[in-house]
Structure formats: structure tokens, C-alpha cells
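Keep in mind it's a predicted model, so treat the numbers as computed, not measured. Protein chains get the first letters and strands the later ones, always in sequence-line order, with residue 1 at the start of each.
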Amino acid sequence: MSENLLIVNGNELISDAFYKTPAFTNSEGVFVNGVYGGIFKLISILKTSEYKALSISFSEECGNERLKPQILKFKEIIEAKGQGEIPVTKELLESLENALKDLSPSGEVKGASFDMTLKVTSDLNEVEALFETKSDRAAFYFLTDIGDFLGLGISFDGSNVTYIPVENFITADYLGKKLSILSERMSLCSFDIKESYKYFEPSEFANRTYGYKDEDVSGNKCFDVLIGAYLINPLKNDYEPWDVAKEYLKLTLPKRADLFGKEPLANADIKVLSEYASKIAYICFNAEPLIRAKLAKTGMERLMYNIEMPLSYILYSMEKEGIIVKRDELKAYGDKLLVRIDELEKAIYEAAGIEFNINSPKQLGEILFEKLGLPAEKKTKSGYSTAADVLEKLAPEHKIVADILEYRGLTKLKSTYADGLAAYIADDNRIHTSFNQTITATGRISSTEPNLQNIPMRTELGRLIRKVFVPKDGYVFADADYSQIELRILAHMSEDKGLIEAYHEGKDIHRITASKVFHVPFEEVTSLQRRNAKAVNFGIVYGISAFGLSQDLSISAHEAKEYMEKYFETYPGVKKYQEDVIASTKAKGYSETMFGRRRPVPELKASNFNLRQFGERVAMNAPIQGTAADIMKIAMIDVFFKLKELSLKSKLILQIHDELVIETAPDEVDTVTKLLVEEMEKAVTLSVPMEVDCHIGSDWYEAK
DNA sequence: TCGTTCACGCACGTC
DNA sequence: GACGTACGTGAACGAA
């Protein structure tokens, strides 16, 4: 009960708002800025946290003639809602919002305003003095523009903000060092903190040589408002500062694009720059406690403090390290593809009797289904589907189809990988991808510019690209991946006896499944049976439908349904688990991983059947995929700090969901291999063993 | 009118 | 199920 009760001192709330909100009157000419601001704050707290009830106390004392009537007015409004503990309901929020409208002279609800004093200085003495400020925390924001560091906004109390432009003695490195030192004695908060690690290193990580224990949640070191907002709701498309300002503080901050457009920030007015950076620091300072409280309420403190925050530092380090790509060999690979692409292009034009743009699904559709009269399977919104699986079925009908498929495959390799990757090779001959921590709905990391998490693997020709990814001179790659981590998590979470037992046997899991499902001895499982069982195992993890499975295996929906029924007979715990997880997700409105990471699933309550079905698949998949992501993140942190503890030269450089790549010094190969396998396997203890395979190679092709 | 920019759909690479 | 990128297309926009 007490956990969910918000206790408010009414006098303080209104008094605080009275001084922070500019004076204004309601339509009757009575000053109401304090009431307005107070209710505004109350609503924002109630909305961003999970209080079940509200209790507001008042005292006679208020010490200010102008303040008193506003406190009384507020008391009147609150007492109309009930006495003592008032339940927090939708109705309560609505009536509070209506009260706001009544208070506003125009009837329009306005956002709160920045209660901020901004000082701009680059005077060395002043800056030195500023960094001596006594406080238990600070919020800052590095204003950067395509690599240029322009200035720093920083606040120690959430109302006085200083903007320090980079000039003269005040360099980016100087400010970074100041922050590093500051981090030794106070908690630091920023927005998208990974971007500031270029200049500053929090002492928590700089001095750390070991991972994080489950039991000590390291609550108060670094804090990233962006990551916090993401954990609370991972479904949003973006988390710009203005967005957080609006959601948590009801403040309006212009979007960066609106303020500066595409002009380089260096050209912008110092006043605009300083205001923008300072407001973000202000937002961080004031949103931090709200977000911390919400993370505590929702049980995501460990995720935030022990996992995501240290991870952001590690991702920065991996990005900075990068991976060497052999420019010339990549070029040669592309040229080789081009020869064959040209041949195919000619053959396709020849067969079609006309030159057209093969890359255009529209034109291709017209050629195949109208000019050549192949049997069409109209699928997409805008015309014929020419997707690979459709074309494969058409292949026997006309020789052009096979050529088109090959052409598609080769041009994909050429444009996305050969040419695409080449554009990202930096002067140090390395590709420095961006690992994004706040994109995915499930908790996975994503990689962009370029995406190094989808380098070809399936076909031999595609896989050859991996030969151009190499470690530095004399070094090798150590590549470690979890074996079927998601299926193992399913076994653990579903507590299915058969599946758990199967993993303890330590034999080929797909073969065991086939043997059980098709009732044949382990040794007599055919390769087709194994393939089918594997597809079902795979599909189950995705919460696949019978239709989806039928597509995967190119069998009828009826057959697919039979497979799934047989599967559920074999592993009844899995079926039970899936039903339970759908029900609980629906009841709670969100799914949860083993570590408490949440994903809202509003689709489960949709009236549209297909959307609801989608919601069910999400509910089945998100806890599995998300738990795998959590485990890998823990492993990365343990591996990273272990490398540091042992003062190894080897560096973690890539993560591909269930796989880690370390650029390994030749004399450290044995240590690193052992370390990787050990740390990854012990990142979590499940009811099934965790298995990690590690390979060494002199390029990524060989190491995989 | 022409060229550029943008959002969108499609196709396909990975785990 | 979860992503990111390349490409073609058509609409919107601005300059000429």
C-alpha cells in the first residue's frame, strides 16, 4: 500500500509552483499561477508513475499574503475529489485536467515553463569555480555538431544552468576532463550519454575491473535520460530531448531541426545555442528523478544501473575500436560480382525481348505477368508480388526467372555490401558502426551506418564478404556465439520437462525433437524430419502461426497445423507457457523478460483480429528474444571488464545478437577463448546448460 | 518545366 | 519475431 501512495505537502507544492510559474490570473482576474503550476506538476507526476493513491496534507502556515489564497483554492479543488487517500483513477486525472482549463484565462492548457537562469561564460576562473560546486548530482549536455564540440550546458541544482562555449583555454578535452573528475564525487546525468564518452570517462567505468553483482544495484552514478525513457517505453520511434521534455515535464522545447535546420550549428547564434544546450541540461536534471522513480516502481533498476548504463560505455568503446575492412579486396569482390551481373542482365533482356529496369518490382511484374504471361499471384498493395518465394515457384515456367533470382542476389551483395560497406571505411581502414541501444522493442541492440549485424552468412558467395573483415596485424579474431540461446530460454521459462531433459542430454536438439515428434529412434531420424523439427523449433520461438510455418516449409497450412499439434503433444509445457504468457501479457498490458524488461503489447486488446494475432505472437516472442538480449548484455559487461581486469590488449569489437567478436592479441588467444566461453556461459544460470562455441580465425569468414 | 527531396512500399540481408 | 539498407516511385517543393 505505502509503496503506491503519493504523499504530497500541499503548501510546498503550491508555494514551489507559485515562485516558478510566471504570475497570471484566471478569467476573473484572480492570481492562480501557483495553483495552476501545482496541479500541472501533480498531473505529470501521476501520469509518469504508478501511484495508486494520493494523499495531500495542508498546514495553516504559509507565510505569504499572495500565496495563501492560492493554497486555499488548491485545497478546495482537492477536497472536492475526496478526503484522505484519494484513489488515482482516470477520472481523477481528467478532473484535474479540467481544473487546469478552468484556471487558465483562455481555457487553454499551457505547458509549464523553464524556470531557469542561464549564464554563459568561458572565463577560465569562473569555469574552474563552477566545477567546484557542492552538490550530489549534476546534469550536463554536450552540444556537438558532426564531430565539432561547440559547448557544454551544465546545472548542479536544476534551475541555474551554465553554458560554456568551447573557446580559448576552454577546450573540449578540458571540459571532458572536468566532468571526469566531477564524476568521482557526484552522479552525472545527460541525454544520450554515449555521445559524450569521446571526451569524458566516468570514474565508475574508468576504475572498474569487474562486472556487476545482481544484488548491489549501483543506483547513483551515471544516468542517461534517453535510456531511462527507452526502458520505460521502448516502443517510441524517437526520444529526442523535446520529446522527453514534453512527456515528463510538460515543457516545450523546439526540435533541433526546427531550430537549426540543416545549417551547421557553428553558424548559429550563440544565444540560441546556449539556450538550447542549457534547456537540455535543465530537462535532464529535472526529468532524472521522475525517471528514476518510475524505473524503481516498474522494477527496472537493475536493468538500468547494472546493465544498460555500463553497456552504453562498452558500446562506445566498440564503436571507437571499429573493425578493419580490406578496401581493395572489397573492391575486387564487387568487380567480380559485376561481371556476372552484366551477363545476367543481358540474358534477362534477351529473354524478355526488351530492356527494362530489373530492379523495379513494378516493371518486372509487368514483364513477367503480362508480357510473358506467367501465372500471377497478386499479392502486394501496388501490384504483383515479385518476392523471391513467388519467383521460386515460377522458376520451372520460364528460364528468365532463375536469372532474375540470381541477378537479385548478386545486386543485393553488390549494392548493399560491396559498394555499401566501402563507403563507410574510414581513414584508419576501419568501419566504425553505430550501436544503438534505444531502438528495438525487445531490448536487442541495433547497428547502423553500416549495419554490421546483417553481413551475409547463409550463402557461400555472400559469406565470402566476411573475408574482408580482418583483425589488425598479427592479431586474430575470436568469435563466440551462444548455441540456440532462445530455444534454451524457452525451455527454461516454460519449464517443459521434455525440452529441459533434451538439453541435458547434450545431443543435437533438432534431432531429438524430430525423434520425439515423429516417434522414431534418435538414430533413425531422416534429414527431412530433422529439417522440419528445426523449422518448428525456430517457429515456436517466434510465436509463429501455422500459416507462417507452412510458408517456411512450403507445405500446406493443414500439414503445418499437424506438425505444431504434434510438437505441443511432445512438449506440452511449451503450449501451456504460451497460453499463460499471452494471458498475463494481456492482463498487464506488457510482456516481461526474466530481468524485468518490459514491452507494452497494446495489440492484444485491439478489435482487429489480425492485429490481435500479431499481439499474441509478440507476447510469445518478446520475453524470449528480450531475455536473450538481456543475457548477452550481461555477458558483454562481464567480458569487457574481465579483459580490463587482466589488462589484455584484446578488444571487444562486435556484437551480433548472440555472438561476440574480439580482436585478439596472438599471445592472448587461449586466455580470451576461455574467458569468452566462461563469462558468456555463466552470465545467467538456467535450468538448461548454456553452451557457447568459440572459433579463432584470421578473418571473420574463418572465425565463424 | 526541371531538378531535388521526402516518405513510402518492396525486397532481402542477419539473428 | 526483431532489425537496417538499397532501390524505385510518386508527390511535394523550389528555382528557373
Side-chain angles (χ1 to χ4, degrees), chain A residues 234-235 237 257 261-262 356-366 379-392 404-421 423-424 433-459 461-463 465-466 481-487 489-490 537-545 548-549 551-552 578 581 591 593 597 599 601 603 613-629 632 654-660 700 704:
Chain A
L235 292 188
N237 286 324
K262 282 173 191 158
F356 65 103
N357 189 343
I358 311 168
N359 291 319
S360 160
K362 186 165 174 263
Q363 295 179 38
L364 181 61
E366 282 161 12
K379 256 190 19 187
T380 66
K381 288 170 194 167
S382 49
Y384 307 104
S385 168
T386 65
D389 57 336
V390 175
L391 295 190
E392 269 156 30
I404 290 169
L405 283 167
E406 191 184 352
Y407 175 90
R408 279 252 181 92
L410 296 184
T411 51
K412 176 85 180 176
L413 292 175
K414 176 89 163 74
S415 66
T416 306
Y417 299 103
D419 300 347
L421 288 174
Y424 289 101
T433 184
S434 295
F435 287 111
N436 203 313
Q437 207 175 346
T438 55
I439 291 289
T440 70
T442 52
R444 275 190 177 180
I445 293 163
S446 85
S447 156
T448 55
E449 294 182 312
N451 182 358
L452 292 185
Q453 292 179 323
N454 73 341
I455 302 303
M457 178 68 183
R458 205 183 70 254
T459 67
L461 182 60
R463 196 171 179 161
I465 294 187
R466 292 172 176 242
D481 69 302
Y482 281 109
S483 153
Q484 298 138 1
I485 187 168
E486 293 185 336
L487 202 52
I489 290 167
L490 175 68
N537 273 332
F538 220 72
I540 291 291
V541 167
Y542 292 164
I544 208 174
S545 60
L549 183 66
Q551 294 289 301
D552 270 9
Q578 293 194 331
V581 85
S591 72
T593 69
R597 183 188 301 274
R599 163 169 186 174
V601 190
E603 294 88 350
Q613 291 284 111
F614 174 77
E616 292 189 358
R617 293 195 291 276
V618 165
M620 291 187 275
N621 171 256
I624 310 266
Q625 192 184 116
T627 299
M632 179 51 110
L654 291 179
Q655 188 254 39
I656 308 98
H657 309 306
D658 65 354
E659 167 189 1
L660 291 178
W700 199 6
K704 191 56 187 145

Quiz item: How long is the gap from CD on A:Gln625 to OG on A:Ser591, to the nearest 0.5 Å?
Solution: 10.5 Å
Quiz item: Do side-chain atoms of A:Arg597 reach the backbone of A:Thr627 as a donor and acceptor pair under 3.5 angstrom?
Solution: no
Practice problem: Just call it for A:Ile439: base, sugar-phosphate, or nothing, with non-hydrogen atoms closer than 4.0 Å on any strand. | Solution: sugar-phosphate
Quiz item: Taking all atoms of both residues into account, what is the closest heavy-atom pair of A:Ile656 and A:Gln453, and its distance?
Solution: CG2-O, 3.8 Å
Quiz item: When we call it a touch if two heavy atoms are under 4.0 Å apart, what does A:Arg463 touch: a base, just sugar-phosphate, or nothing?
Solution: nothing
Identify the pairs formed between an N or O of the protein and an N or O of nucleotides 12-15 of chain B at a distance under 3.5 Å, and give each distance.
| unit_1 | atom_1 | unit_2 | atom_2 | d |
| --- | --- | --- | --- | --- |
| B:dC12 | OP1 | A:Arg408 | NH1 | 3.0 |
| B:dC12 | OP2 | A:Ala388 | N | 2.8 |
| B:dC12 | O2 | A:Lys412 | NZ | 2.8 |
| B:dG13 | O4' | A:Tyr417 | OH | 3.4 |
| B:dG13 | N2 | A:Asn454 | ND2 | 3.2 |
| B:dG13 | N3 | A:Asn454 | ND2 | 2.9 |
| B:dT14 | OP1 | A:Met457 | N | 2.4 |
| B:dT14 | OP1 | A:Arg458 | N | 2.5 |
| B:dT14 | OP2 | A:Arg458 | NH1 | 2.6 |
| B:dC15 | O3' | A:Ile656 | O | 3.4 |
| B:dC15 | O3' | A:Asp658 | N | 3.4 |
| B:dC15 | O3' | A:Asp658 | OD1 | 3.0 |
| B:dC15 | O2 | A:Arg444 | NH1 | 2.8 |
| B:dC15 | O2 | A:Arg444 | NH2 | 3.0 |

Quiz item: Any salt bridge between A:Arg444 and A:Glu486, counting N to O under 4.0 Å?
Solution: yes
Quiz item: Looking only at heavy atoms, what is the nearest atom pair of A:Gln578 and A:Ile540, with distance?
Solution: NE2-O, 3.4 Å
Exercise. Mark yes or no for whether A:Arg466, through its side chain, and A:Ile455, through its backbone, hold a donor-acceptor pair below 3.5 Å.
Key: yes
Quiz item: So, A:Ser447 side chain and A:Pro450 main chain: donor-acceptor pair closer than 3.5 Å or not?
Solution: yes
Practice problem: Look at all strands and tell whether A:Ala622 reaches a base, only sugar-phosphate, or nothing, counting heavy atoms closer than 4.0 Å. | Solution: nothing
Quiz prompt | Non-neighbouring partners of A:Tyr384 that pass ring-ring contact (aromatic ring centres under 6.0 Å, His included), sequence neighbours left out | solution = A:Phe369
Practice problem: Could you tell me whether the side chain of A:Asp481 and the main chain of A:Leu660 form a donor-acceptor pair under 3.5 Å? | Solution: no
Self-check item: Pair pattern of DNA chain B in dot-bracket, where unpaired bases get dots and | marks partners in another strand, Watson-Crick or G-U under 3.5 angstrom
Solution: |||||||||.|||||
Practice problem: First locate atom CE of A:Met632, then atom CD of A:Glu659, and finally report the distance between them rounded to the nearest 0.5 Å. | Solution: 7.5 Å
Nucleotide N/O of nucleotides 5-8 of chain B paired with protein N/O under 3.5 Å:
| unit_1 | atom_1 | unit_2 | atom_2 | d |
| --- | --- | --- | --- | --- |
| B:dC6 | OP1 | A:Lys262 | NZ | 2.5 |

Self-check item: Side-chain donor/acceptor of A:Thr411 to backbone N/O of A:Arg408, under 3.5 Å
Solution: yes
Practice problem: Return the set of residues passing ring-ring contact (aromatic ring centres under 6.0 Å, His included) with A:Tyr542 (not counting sequence neighbours), or none when no residue passes. | Solution: A:Phe538
Self-check item: Min side-chain heavy-atom separation A:Ile485-A:His657 under 4.5 Å
Solution: no
Practice problem: Please report, rounded to the nearest Å, how far the P atom of B:dA11 is from the CD1 atom of A:Ile404. | Solution: 12 Å
Exercise. Anything under 4.0 Å to a heavy atom of chain A counts; send over the first and last such nucleotide of DNA chain C, read 5' to 3'.
Key: C:dG1 to C:dG10
